[in-house]
There are 2 protein chains.
Amino acid sequence: MTEIELNPTVKRFVLHWGEMGTRWGINRTVAQIHALLYLSERPLHAEEIAQALSVARSNVSGSLRELQGWGIVRVVHVLGDRRDHFESLTDVWEMFRIIVEERKRREVDPTVSMLRGCLQEPPAKESKYVHARLSEMTEFFETMLSFYEDARHVSPKALRQFVKMRAGMSLLIPKKGKAK
Amino acid sequence: MTEIELNPTVKRFVLHWGEMGTRWGINRTVAQIHALLYLSERPLHAEEIAQALSVARSNVSGSLRELQGWGIVRVVHVLGDRRDHFESLTDVWEMFRIIVEERKRREVDPTVSMLRGCLQEPPAKESKYVHARLSEMTEFFETMLSFYEDARHVSPKALRQFVKMRAGMSLLIPKKGKAK
DNA sequence: CAGTAATTTCAGTAAATACTGAAATGACAG
DNA sequence: CTGTCATTTCAGTATTTACTGAAATTACTG
């Protein structure tokens, strides 16, 4: 009812984050709730969130469930309060890692399965050309996956350092002469 | 009218690609057309595409425009035929590079602007906490951007080799002792 | 410069997606 | 147990997004 007015900076971030969500296939409200929790110093309960964003309580409920499914929001309890409270991870790198991992699991892995399935087909049946394109696509995904797999076995700390190391890439390119 | 029956493998790929598109914020039909062109040995004209996918001619028109906007489909002409024909890039790595570049431009860059804008605000106004979270988020994006910038200046060939190099990551982690 | 084929635009419609609010369920506290 | 508060479910509705087909425009041909 009574609009709990958000700090303008928070509002700006929340709205933008919501838009970004939609562009990457994430429900707007889900993204907004995540943004709100990310900027909230203390855990919030569903009712507060509903008021802050002017959405229905039930909508918040489902969205929180989804965020928990992603593993970037968790429920906590406040002494003397029966309600569930929610907080976001604060470590941006860790959130990024989790999101990448989830999207791999939900979207990339099934795509690779599909591609392998397509290549299974008697190669006479479909044209040579189709088979060639699908092979290239599969190889691309598999290369990316094994790169990712390697990266995953490096400690998060070391990985951060690697990414942060300016000019890191250019030093690392294989062998002779300067890459051009 | 007369359904041009797609090769089952092509159909499978096209349908899957369409679904993946939607999950990443790409219109289903747009993704399907891209998939179809990717697997097509010769350039197709809009009418063929409309029939193959059973969608309206005008829908194909807009979708092709969008794909051209992304830069992964281009128009070509066939001698003795007035119609525009369309073909997809065939190099998967190059397509990936272009898509990443575009999404950076359309989505990441504006987000970083927004974040910088938020940090501009008199830090007294918003809570210390909000400012701290926004700083971390900004730093994350900026680190990623400069990493990407480095990678962009490496030749595509070298970059491919780098990604393909198994165990590449673990070798590359800074300094003393083996990571992890 | 007429006539025709190709393409694009756009208003209307359909489909998908997101959201609401009432009702059902669950979880305590006394 | 009983009542209260919290949460979830779900059927109905609203909103957004995608799509169609007719009409307008553009591009070409003879």
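In what follows, every chain begins at residue 1, and chains take the letters A, B, ... in the order their sequences are listed. Predicted, not measured: the structure shown is a model, and the values here were computed from it.
- With salt bridges taken as basic N to acidic carboxylate O contacts below 4.0 Å, one links A/Glu139 and B/Lys164.
- One hydrophobic cluster, built from ILVMFWY side chains closer than 4.5 Å, holds both B/Val14 and B/Met95.
- Residues from residues 56-84 of chain B that place a heavy atom under 4.0 Å from any atom of DNA chain D, listed by number: B/Ala56, B/Ser58, B/Asn59, B/Arg82.
- Contacts of B/Tyr148 classified as side chain to side chain contact (heavy atoms under 4.5 Å, CB included), with partners at least two apart in sequence or in another chain: B/Val100, B/Glu101, B/Lys104, B/Arg152.
- Partners of B/His45 by ring-ring contact (aromatic ring centres under 6.0 Å, His included), not counting sequence neighbours, listed by chain and number: B/His85.
- If you check residues 21-44 of chain B against DNA chain D, the residues with a heavy atom closer than 4.0 Å are B/Asn27, B/Thr29, listed by number.
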| query | With Watson-Crick and G-U wobble geometry limited to distances under 3.5 Å, how should the secondary structure of DNA chain D be encoded in dot-bracket form, using | for bases paired to another strand and [ ] for crossing pairs? | reply | ||||||||||||||||||||||||||||||
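- Atom CG of A/Asn7 is separated from atom CD of B/Glu121 by 8.5 Å, given to the nearest 0.5 angstrom.
- Judged purely by atom type and a 3.5 angstrom limit, B/Ser135 uses its side chain to pair as donor or acceptor with the backbone of B/His131.
- Partners of B/Arg57 under the side chain to side chain donor-acceptor pair (under 3.5 Å) rule, at least two apart in sequence or in another chain, do not exist in this structure.
- The side chain to side chain contact (heavy atoms under 4.5 Å, CB included) check on A/Arg160 picks up A/Asp91, A/Trp93, with sequence neighbours excluded.
- Atom-to-atom, CG of B/Leu53 to C1' of D/dA18 comes out at 15 Å; the value is rounded to the nearest Å.
- Listed by chain and number, the residues in a side chain to side chain contact (heavy atoms under 4.5 Å, CB included) with A/Arg74 are A/Glu87, A/Leu89 (sequence neighbours excluded).
- Partners of B/Phe13 under the ring-ring contact (aromatic ring centres under 6.0 Å, His included) rule, at least two apart in sequence or in another chain, are B/Trp17.
- Protein chain B contacts DNA chain C from C/dT4 to C/dT9, reading 5' to 3' and using non-hydrogen atoms of the protein with a distance under 4.0 Å.
- Applying the salt bridge (charged side-chain N to carboxylate O under 4.0 Å, His left out) test to residues at least two apart or on different chains, the pairs with a partner in residues 23-45 of chain A are A/Glu19-A/Arg28, A/Arg23-B/Glu107, A/Arg42-A/Glu48.
- Here B/Ile99 pairs with B/Trp70, B/Ile72, B/Arg103 under the side chain to side chain contact (heavy atoms under 4.5 Å, CB included) rule; sequence neighbours left out.
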